2 protein chains.
Amino acid sequence: MDKSLGKGLLALEILAESEAPLGVTALAGRMGITKSNAHRLLTALVATGYAEPTQPRGSYASSLKLWRLGARIVARLDVKSIAAPHLARLVAETQETANLSVLDGPFMVYIDRVETDTYIRSYNRIGDRHPAHCTGTGLALLAHAPEETLAQALAEMKPHTPATITDPTALATRLAQIRRLGFATTRAEFRPGINSIAAPIRGAHGRVVAAIGLSGPAERLKPARVKTLAPLVAATAEKVSRLLGAPAP
Amino acid sequence: MDKSLGKGLLALEILAESEAPLGVTALAGRMGITKSNAHRLLTALVATGYAEPTQPRGSYASSLKLWRLGARIVARLDVKSIAAPHLARLVAETQETANLSVLDGPFMVYIDRVETDTYIRSYNRIGDRHPAHCTGTGLALLAHAPEETLAQALAEMKPHTPATITDPTALATRLAQIRRLGFATTRAEFRPGINSIAAPIRGAHGRVVAAIGLSGPAERLKPARVKTLAPLVAATAEKVSRLLGAPAP
DNA sequence: CACGGTTTTCCATATTGTGGAACGGAGCGG
DNA sequence: CCGCTCCGTTCCACAATATGGAAAACCGTG
């Protein structure tokens, strides 16, 4: 069904993820199709505005159109704009990196992020997607996710560090604990040496729609400090929840 | 050429821009195609992960995949991450809304924006695209754009308010002035009652790659205040330019 | 339960995408 | 300066593929 649509979208993906512009042969090679096919796909993408030929011509790069469309999608999740100033405040008060994530199946996706200018650039970027079971915001989201999503997450439980949780029942008790406390903490479960604190944000209907989190190096985020910061993160998430019209807890 | 690719992409656009999920008939109606055709496009989009059926099923919505791809694209323009803290500082010091834009043909696109929490939510959102000739950052970008882009912009010069500049030679002298001063100012040329100040950001090769701008209501951004703020905006743009590796001016 | 609104499936038709081969240019080395 | 090679681009006959009509499954409602 609709073979050429699939090919075209794949071409777009490869183009968007490629660092440098790609030529016809390069694209054909990566996709395993003929040159003439790749060329036709590219001209179609150019005609629709999703790709642009580079100068001097011979190569093609993805345009901003794709991104503009995507921006519309996240704009609908207006959690982002409402949470933004609170993310910034959290960073100002703690000097740690803050981020905002939503659930995408059994994964978490960063939709916003504010970094401290004092810290080394992190390897995570907005739009990156990681397994929910080993990240702070991921766990906070999973703790309030529907049964079905949890089942998907169980299937994705691979270890990323020695500390990654892999036992399904252990995960269940952990999620219960997160629900009880109102926040989640992790210790080097996704990236070695990186700890985190996260709390869920509820939307107008009281359901969890996003999570706000703080993460930083273990030397700075020691257990004692985590203990003092957790209420701050939880309070911030709660404040955003209220702004979204969530009922009192 | 590649008709179904075009249709599929159009379907994606409509889906992404629609506020609510769409059904088969609604999509077919907006696209002017048959229901069965729309249905096949949708199942193909679902198969490739760009759309998701809603529950209860019968409708379709765009997924986050599109946005994640787009995020990769802008991440490559690392102006955004480097400028972010400076945008924030500008907002903190002036209590006005700051934004960061790049040129997309004869249009400007907001790639980042920091709003002051004291002000009414603006109607512009990240990803929005507006004509360059009547916005602050647009003019700042246009003043340093290649001949070809300028020509395209001339073709797009439609008035948006009584104050919008529409005469090609007037635009030329204005751009020359902007180049001389190092910053651009506008007075209600795009939105009535909204003034702005903007300055260009240069990349590693000395070429202008983005612009930073401040905008706010005319009551607050009076000529006298604009005069004092302009050097601040220009200095901020200059600072970011240096961080990007731009040579001294 | 029957109705009007869906979404979904099926299928013959020809439109449309396909890949091979041939063309035109750019860059390189002899 | 020529001939080589590697690239993007064009062309075309063929067949795979998208197409739309009609009909079937579906769902909520009166």
Side-chain angles (χ1 to χ4, degrees), chain A residues 1-63 65-66 73 105 146 148 205, chain B residues 1-63 65-66 73 76 105 146 148:
Chain A
M1 35 152 142
D2 285 76
K3 201 167 171 181
S4 77
L5 212 199
K7 285 191 185 179
L9 290 172
L10 180 60
L12 242 194
E13 286 176 38
I14 292 177
L15 226 49
E17 286 177 359
S18 152
E19 287 299 324
L22 289 178
V24 173
T25 337
L27 185 68
R30 296 203 196 186
M31 292 183 62
I33 60 179
T34 60
K35 283 196 301 179
S36 55
N37 197 344
H39 181 257
R40 250 191 33 266
L41 291 174
L42 282 172
T43 54
L45 288 177
V46 169
T48 47
Y50 286 92
E52 290 167 344
T54 58
Q55 19 240 31
R57 76 160 167 286
S59 285
Y60 298 84
S62 49
S63 74
K65 184 170 184 180
L66 193 65
I73 298 177
E148 186 188 336
H205 313 299
Chain B
M1 39 153 140
D2 285 77
K3 202 167 171 180
S4 76
L5 212 198
K7 285 191 187 179
L9 290 171
L10 180 60
L12 242 195
E13 286 176 37
I14 292 177
L15 226 51
E17 287 176 359
S18 152
E19 288 300 324
L22 289 178
V24 173
T25 342
L27 185 68
R30 296 203 198 185
M31 291 183 61
I33 59 179
T34 60
K35 286 196 295 183
S36 57
N37 197 346
H39 181 258
R40 250 192 32 267
L41 290 175
L42 283 172
T43 52
L45 287 177
V46 169
T48 47
Y50 285 91
E52 289 167 344
T54 59
Q55 20 240 31
R57 77 157 165 289
S59 285
Y60 297 84
S62 49
S63 73
K65 183 170 183 178
L66 193 64
I73 298 177
R76 242 178 288 137
E148 185 187 337

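Chain letters run A, B, ... following the sequence lines, proteins first and then strands; every chain starts at 1. Note that the structure is a prediction, hence the values are computed from the model and not measured. All values below were derived from every heavy atom in this structure, side-chain atoms included, with hydrogens, water molecules and symmetry-related copies excluded.
Here B/His39 does not reach the OP1 or OP2 of C/dT7: none of its side-chain N or O atoms lies under 4.0 Å away. Within the structure, a side-chain polar atom (N or O) of A/Tyr60 is placed less than 4.0 Å from OP1 or OP2 of D/dT9.
With hydrogens and angles ignored, the 3.5 Å screen pairs a side-chain donor or acceptor of B/Thr54 with a backbone N or O of B/Ser59.
Atom-to-atom, NZ of A/Lys35 to P of D/dT10 comes out at 13 Å; the value is rounded to the nearest Å. Distance, B/Leu27 CG to D/dG20 P: 13 Å, rounded to whole Å. In this structure, CG of B/Leu45 is placed 15 Å from P of C/dT7, rounded to the nearest angstrom.
A/Tyr60 is not listed as a side-chain neighbour of A/Pro21, based on a closest heavy-atom distance of 4.5 Å or more. Two residues are said to be in side-chain contact when any heavy atoms from C-beta on lie closer than 4.5 Å; A/Leu12 and B/Leu9 meet this criterion. Between B/Met31 and B/Asn37 there is no side-chain heavy-atom pair separated by less than 4.5 Å.
B/Arg30 CZ to B/Glu13 CD: the interatomic distance, rounded to the nearest 0.5 Å, is 13.0 Å. The line from CG of B/Leu66 to CD1 of A/Ile73 is 4.5 Å long, rounded to the nearest 0.5 Å. Here A/Glu52 contributes atom CD and A/Lys65 contributes atom NZ; the two are 11.0 Å apart, rounded to the nearest 0.5 Å. To the nearest 0.5 Å, atoms OG (B/Ser4) and NZ (A/Lys3) are separated by 11.5 Å.
Remark on the helix from C/dT16-D/dA15 to C/dG30-D/dC1: inter-end axis angle 0°, axes from five-pair C1' superpositions, rounded to 10°.
For C/dT9 and C/dG5, the P atoms lie 23 Å apart once the distance is rounded to whole Å. A distance of about 16 Å separates the C1' atoms of C/dC11 and C/dT15, rounded to the whole Å.
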Protein N or O to nucleotides 16-19 of chain C N or O, pairs below 3.5 Å:
residue : atom : partner : partner atom : Å
C/dT16  : OP1  : B/Lys3  : NZ           : 2.7
C/dG17  : OP1  : B/Asp2  : N            : 3.2
C/dG17  : OP1  : B/Lys3  : N            : 2.1
C/dG17  : OP1  : B/Ser4  : N            : 3.3
C/dG17  : OP2  : B/Asp2  : N            : 2.9
C/dT18  : OP1  : A/Lys7  : NZ           : 3.1
C/dT18  : OP2  : A/Asn37 : OD1          : 3.0
C/dT18  : OP2  : A/Arg40 : NH2          : 2.7
C/dG19  : OP2  : A/Thr34 : OG1          : 3.2
C/dG19  : OP2  : A/Asn37 : ND2          : 2.9
C/dG19  : N7   : A/Ser36 : OG           : 2.8

Using the 3.5 Å cut-off, write out each protein N or O paired with an N or O of nucleotides 12-14 of chain C and the distance between them.
none

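By the side chain to side chain contact (heavy atoms under 4.5 Å, CB included) test, B/Ser36 pairs with B/Thr34, sequence neighbours left out. Judged as a side chain to side chain contact (heavy atoms under 4.5 Å, CB included), and not counting sequence neighbours, the contacts of A/Ala51 are A/Leu15, A/Leu45, A/Val46. Among residues two or more places apart in sequence or in another chain, the side chain to side chain contact (heavy atoms under 4.5 Å, CB included) test is passed with A/Ala44 by B/Asp2, B/Leu5.
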